[in-house]
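Everything numeric here is computed off the predicted structure, so don't read it as measured data. Start at 1 and go down the list; that is how both ligands and their atoms are numbered.
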Amino acid sequence: MERVIIVGSGPAGLTASLYAARADLSPLCIEGWQPLGLLMTTTEVENFPGFPEGVMGPELMMKMREQAEKFGTRFITENASKLELSGEIKKVWVGETCYESRTVILATGASSIKVGIPSEETYLFGKGISTCATCDGAFYKKMTVAIIGGGDSAMEEANFLTNFASKVYLIHRRNEFRASKIMVDRTKNNSKIELVTPYVVDEFLGDGKLLNSLRLKNSQTGDLKTIEVSGAFVAIGHKPNTELFADQIELDEKGYVKCQGRSQQTSLPGVMAAGDLQDTTYKQAITSAGSGCVAALDAQHYLEHHGW
Ligand code: NAP
């Protein structure tokens with residue numbers, strides 16, 4: 001019988017693992033076959049405290065994992081396939097193997113949202129459309145690319161892409177940007193970036209094998225125009241990864257896990273949630289890590305309360 005199983009290994013899952021490990025609970029972290037969360041697909045993180053020179057996302061995550069492991073976290077590098085969260089004994093399946101635990105901390109994070117038009121599927125992954133500039137940006141040396149979105153991710157990735165691409169169109173559906181002022185200013189001051197607003201992608205165009213242009217629609221006038229691009233990067237936000245347990249715990253209307261008051265306790269006793277799957281507002285690496293810490297402390301108190 002495990003005392004704490006953590007599902008997910010981004011900043012929330014790894015901080016929960018670290019705290020549970022230091023509380024001598026010997027946690028088991030199901031880190032997933034694509035571990036360490038969304039920061040693995042980012043470049044430099046400038047706003048994580050303790051790194052005045054900035055730190056690369058993957059490096060930060062590997063350090064977090066190392067720290068959690070140092071204090072006794074055990075990792076399984078596979079996805080959880082099924083969860084049974086009600087009752088005093090929680091069950092977590094990884095393939096055919098079932099692990100039983102007194103508490104579970106859900107930290108499965110969030111995934112990229114797609115534009116949602118059929119032609120996007122035609123060119124997604126390796127054919128011109130990507131959801132990860134860090135992963136795929138280097139394929140577009142001296143080419144023209146587009147990034148879609150008006151948040152911090154879009155701004156950050158647009159600037160990153162100028163390291164490779166000769167020109168970057170930033171396409172956003174409004175004239176105002178959700179991104180922070182510093183990121184908007186940096187983007188506006190980058191001579192390789194052209195802002196295209198207020199536009200949405202009406203169609204991804206190509207020969208069926210490779211993307212070569214985008215048909216854009218003005219979201220105010222409906223006017224259409226086409227721009228030639230070799231690549232398009234979609235950065236329009238994320239949705240919480242709650243499919244595995246959506247029918248078992250209380251979610252809000254957008255599908256985020258609901259936690260109680262200032263705790264990370266979900267609607268089921270002994271089940272905590274931390275990180276992007278329960279955060280509709282802040283969504284920062286540091287707030288995810290903070291919620292992971294709280295979730296582990298909540299799990300610890302729950303175990304103590306029951307004498308486990
Ligand atoms: P976000 O803040 O939710 O922004 C998503 C953007 O995509 C918005 O501009 C939104 O437009 C647009 N959008 C959404 N759905 C769309 C659709 N169907 N078609 C066209 N456009 C659409 O997401 P994010 O940029 O990924 O950022 C997520 C969180 O991470 C934020 O809290 C952000 O501050 C944080 N973050 C921080 C940093 C940093 O500090 N360095 C870097 C990256 C991310 P509207 O504005 O019109 O809704």
Side-chain angles (χ1 to χ4, degrees), residues 10-12 37-61 109-121 124 129-135 137 146-161 168-188 190 193 195-204 214-220 222 227 232-241 252 254-256 274-291:
L38 281 175
L39 280 190
M40 292 301 279
T41 64
T42 195
T43 49
E44 196 159 12
V45 180
E46 292 177 333
N47 51 11
F48 202 88
F51 297 91
E53 309 301 329
V55 57
M56 298 305 279
E59 186 191 345
L60 177 64
M61 294 319 299
S111 305
S112 314
I113 298 175
K114 311 281 183 343
V115 174
I117 52 180
S119 54
E120 186 179 32
E121 296 301 322
L124 203 55
I129 303 178
S130 168
T131 55
C132 177
T134 323
C135 320
I147 181 124
I148 301 145
D152 280 324
S153 296
M155 301 291 156
E156 189 175 280
E157 293 184 15
N159 282 283
F160 173 72
L161 285 167
V168 178
Y169 291 107
L170 186 137
I171 298 154
H172 177 44
R173 62 184 176 185
R174 295 187 293 139
N175 289 323
E176 303 75 36
F177 295 102
R178 184 182 293 266
S180 53
K181 188 175 177 303
I182 186 170
M183 297 300 279
V184 175
D185 289 348
R186 195 177 293 175
T187 306
K188 284 183 173 166
N190 189 324
I193 302 175
L195 304 179
V196 186
T197 67
Y199 278 91
V200 293
V201 178
D202 187 56
E203 205 70 75
F204 293 95
L214 305 178
R215 188 165 71 225
L216 304 179
K217 184 161 94 180
N218 187 303
S219 44
Q220 286 171 359
I227 57 167
F233 292 83
V234 180
I236 59 173
H238 297 89
K239 62 172 174 24
N241 296 328
D252 72 6
K254 285 184 178 163
Y256 288 83
D276 280 354
L277 86 172
Q278 54 83 57
D279 182 355
T280 53
T281 316
Y282 303 105
K283 303 178 186 181
Q284 304 298 304
I286 188 68
T287 53
S288 275
S291 68

Give the residue and atom name of whichever protein heavy atom lies nearest to atom 23 (O) of ligand 1, and the separation in Å to one decimal. Gly237 CA, 3.6 Å
Below 4.5 Å, heavy atoms only, C-beta onward: do Asn47 and Ile286 meet side chain to side chain? no
Nearest non-hydrogen protein atom to atom 31 (C) of ligand 1, with distance, is Gln284 NE2, 4.1 Å
For the residue pair Phe204 and Ile117, establish whether any side-chain heavy-atom pair is separated by less than 4.5 Å. yes
Hey, is CD1 on Ile182 packed in by over 12 heavy atoms from elsewhere, all under 6.0 Å? no
Using distance alone, decide if ligand 1 has a nitrogen or oxygen within less than 3.5 Å of any nitrogen or oxygen in Gly150. yes
Are side-chain heavy atoms of Ser111 and His238 found at a separation under 4.5 Å? no
Between Thr131 and Lys114, the two heavy atoms sitting closest are CG2-CE, 4.2 Å
Contact with ligand 1 for Glu46, non-hydrogen, under 4.0 angstrom: no
Considering heavy atoms of the protein only, find what lies nearest to atom 44 (C) of ligand 1 and give residue, atom and distance to 0.1 Å. Ser153 OG, 3.4 Å
Nearest-option assignment for atom 39 (C) of ligand 1, heavy atoms, candidates Asn47, Asp279, Val201: Asn47
Atom 7 (O) of ligand 1 - nearest protein heavy atom and its distance: Ile236 CA, 3.2 Å
Just wondering, do Asn241 and Leu277 contact through their side chains at under 4.5 Å, heavy atoms? no
Taking 4.0 angstrom as the limit and counting only heavy atoms of Tyr282, give me the atoms of ligand 1 inside it, by number and element. 32 (O)
Examine Arg173 against ligand 1 and note whether any of their N/O atoms are separated by less than 3.5 Å. yes
Could you tell me the residue and atom name of the protein heavy atom closest to atom 37 (C) of ligand 1, and the distance to it rounded to 0.1 Å? Asp152 CB, 3.6 Å
Could a heavy atom of Val200 be found less than 4.0 Å from some atom of ligand 1? no
Students should be able to answer this: which protein heavy-atom is nearest to atom 42 (C) of ligand 1, and at what distance? Glu156 OE1, 3.3 Å
Out of His172, Arg178, Lys283, Arg174, whose heavy atom sits nearest atom 1 (P) of ligand 1? Arg178
Enclosure of Lys188 NZ (heavy-atom neighbours >12, cutoff 6.0 Å): no
Output all residues satisfying ring-ring contact (aromatic ring centres under 6.0 Å, His included) with Tyr256, sequence neighbours left out; order by chain, then residue number. none
In the structure I gave you, are the side-chain heavy atoms of Leu214 and Tyr199 within less than 4.5 Å of one another anywhere? no
Around atom NZ of Lys283, are there more than 12 heavy atoms from other residues, nucleotides or ligands closer than 6.0 Å? yes
Show me which atoms of ligand 1 lie under 4.0 Å from any heavy atom of His238. 26 (O)
Give a yes/no on ligand 1: does Phe177 have at least one heavy atom closer than 4.0 angstrom to it? no
